[in-house]
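A note on names: the letters A, B, ... follow the listed sequences, proteins ahead of strands, and every chain is numbered from 1. Quick caveat: nothing in here was measured; it's all calculated off a predicted structure.
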Amino acid sequence: MPKPLKRSFFERSTLKVAPELLGKSIVIQSKKRKNKTGLIVEVEAYTNNDPACHAARGKTPRNEVMFGPAGFSYVYFIYGMYFCLNFITEKKDIPGAILIRALEIPDEDNRIASGPGKLCRYLKITKDHNKLDCCNSSSPLIVTESRLLKNDFSIVQSKRIGISQGANFPWRWYIKDNPSVSKP
DNA sequence: GACCGGATCCGT
DNA sequence: CGGATCCGGTCT
């Protein structure tokens, strides 16, 4: 059984945690089916006092989990057909989240999870995966260390994609030259 | 109760 | 570059 990253990993500054998620593994655990894994190759940070953050205007039913403890999932529905997956950072009551933008999937086409909507489609992540405690080893959704990618990659930092407010913050990180990044 | 735009993706 | 497709947030 894979060992999830500890809450203390997530319970830090969003801007520190985000690039450190690169190279980690997302694992979808199921008793009935074989586990599915994907390597995180692209992320974006959304922080407190960030106009692009869903929590920018305070707590609502949708973003409530962002005000809770770190290490939980935040999954939301967008454009009438896609879901996006985030992990919550920072201490309780301080909103912060990291959008997972692309995964490299072992033994699959490079582009099968090369975007936030595509990776949820591939992993069948829906609103049912919202508010899961990903630090609990029995959670259907966890993040683990990975042996597949070690430290032999370089990280590129750039502006975030697809937003208008806060568009100038350079809070997107991805693995250089990785073929599964959303916009290569 | 209505309106509107969105942390996207795909085909043209 | 436009269309798909629908929910949450905001205003009335």
Side-chain angles (χ1 to χ4, degrees), chain A residues 10 12-24 26 28 36 38-90 93-105 108-132 134 141 143 155-176 178-184:
Chain A
F10 295 99
R12 297 181 291 144
S13 155
T14 310
L15 300 183
K16 272 193 184 299
V17 179
E20 290 185 30
L21 274 175
L22 295 174
K24 301 277 194 289
I26 285 183
I28 303 291
K36 276 190 165 185
L39 294 159
I40 301 174
V41 300
E42 180 183 350
V43 296
E44 280 180 2
Y46 290 84
T47 74
N48 199 11
N49 303 320
D50 168 6
C53 181
H54 287 176
R57 293 168 187 260
K59 194 188 285 188
T60 68
R62 179 175 68 156
N63 66 27
E64 181 183 22
V65 67
M66 293 184 81
F67 292 82
F72 278 68
S73 58
Y74 170 44
V75 177
Y76 65 88
F77 186 62
I78 190 74
Y79 296 120
M81 51 176 85
Y82 297 107
F83 292 94
C84 291
L85 169 67
N86 297 249
F87 294 106
I88 300 307
T89 54
E90 311 278 356
D93 296 324
I94 301 179
I98 296 166
L99 171 69
I100 306 302
R101 283 196 56 91
L103 302 175
E104 181 184 316
I105 311 293
E108 291 282 3
D109 186 286
N110 282 335
R111 309 299 296 166
I112 201 165
S114 60
K118 291 172 81 176
L119 71 90
C120 286
R121 191 178 58 185
Y122 172 74
L123 292 175
K124 297 191 162 50
I125 290 172
T126 68
K127 60 181 189 296
D128 294 340
H129 295 79
N130 190 33
K131 271 191 184 179
L132 295 175
C134 302
L141 169 61
V143 188
I155 294 175
V156 182
Q157 184 171 5
S158 73
K159 290 179 183 177
R160 296 177 293 184
I161 290 177
I163 54 172
S164 46
Q165 304 258 346
N168 285 327
F169 294 115
W171 292 346
R172 171 182 180 234
W173 294 265
Y174 60 92
I175 293 180
K176 188 181 180 191
N178 186 286
S180 299
V181 168
S182 66
K183 295 196 172 174

What's the gap between B:dA2 and C:dT5 when it is taken at their P atoms, as a whole Å value? 22 Å
Provide the full list of ring-ring contact (aromatic ring centres under 6.0 Å, His included) pairs with a residue in residues 41-61 of chain A, sequence neighbours left out, each pair given once. A:H54-A:Y74, A:H54-A:Y76
Answer yes or no for A:K183 and A:Y174: cation-pi contact, defined as NZ/CZ to six-membered ring centre under 6.0 Å and angle to ring axis within 45°. no
Sidechain N-carboxylate O distance under 4.0 Å for A:R101, A:E44: yes
A:V17 vs A:V43 side-chain heavy atoms within contact, under 4.5 Å: no
Less than 4.5 Å apart, any side-chain heavy atom of A:V143 and any of A:F10? yes
With sugar-phosphate meaning primed atoms plus P, OP1 and OP2, does [X] contact a base, only sugar-phosphate, or nothing at under 4.0 Å between heavy atoms?
| X | result |
| --- | --- |
| A:F77 | sugar-phosphate |
| A:G117 | sugar-phosphate |
| A:R101 | sugar-phosphate |

Any stem touching DNA chain B, meaning at least three consecutive Watson-Crick or G-U pairs under 3.5 Å, ordered by first number, would be B:1-6 with C:6-11, B:8-11 with C:1-4
Which residues in residues 51-66 of chain A have at least one heavy atom lying under 4.0 Å from any atom of DNA chain C? A:R57, A:T60, A:P61, A:R62
Nearest atoms (heavy-atom pairs only) where A:A52 meets A:I163: CB-CD1, 3.8 Å
Residue list, side-chain hydrogen bond (donor to acceptor under 3.5 Å, both in side chains) with A:R121, at least two apart or on another chain: none
Taking only residues two or more places apart in sequence or in another chain, which ones pass salt bridge (Lys or Arg N to Asp or Glu O under 4.0 Å) with A:E108? none
Checking side-chain contact (heavy atoms from CB on, under 4.5 Å) between A:R172 and each of A:E42, A:K159, A:Q157, which is the one that passes? A:E42
First contact, last contact: which nucleotides of DNA chain B are these for chain A, 5' to 3', heavy-atom distance under 4.0 Å? B:dG6 to B:dC10
Regarding A:N48 and A:E90, is there a side-chain donor-to-acceptor distance under 3.5 Å anywhere? no
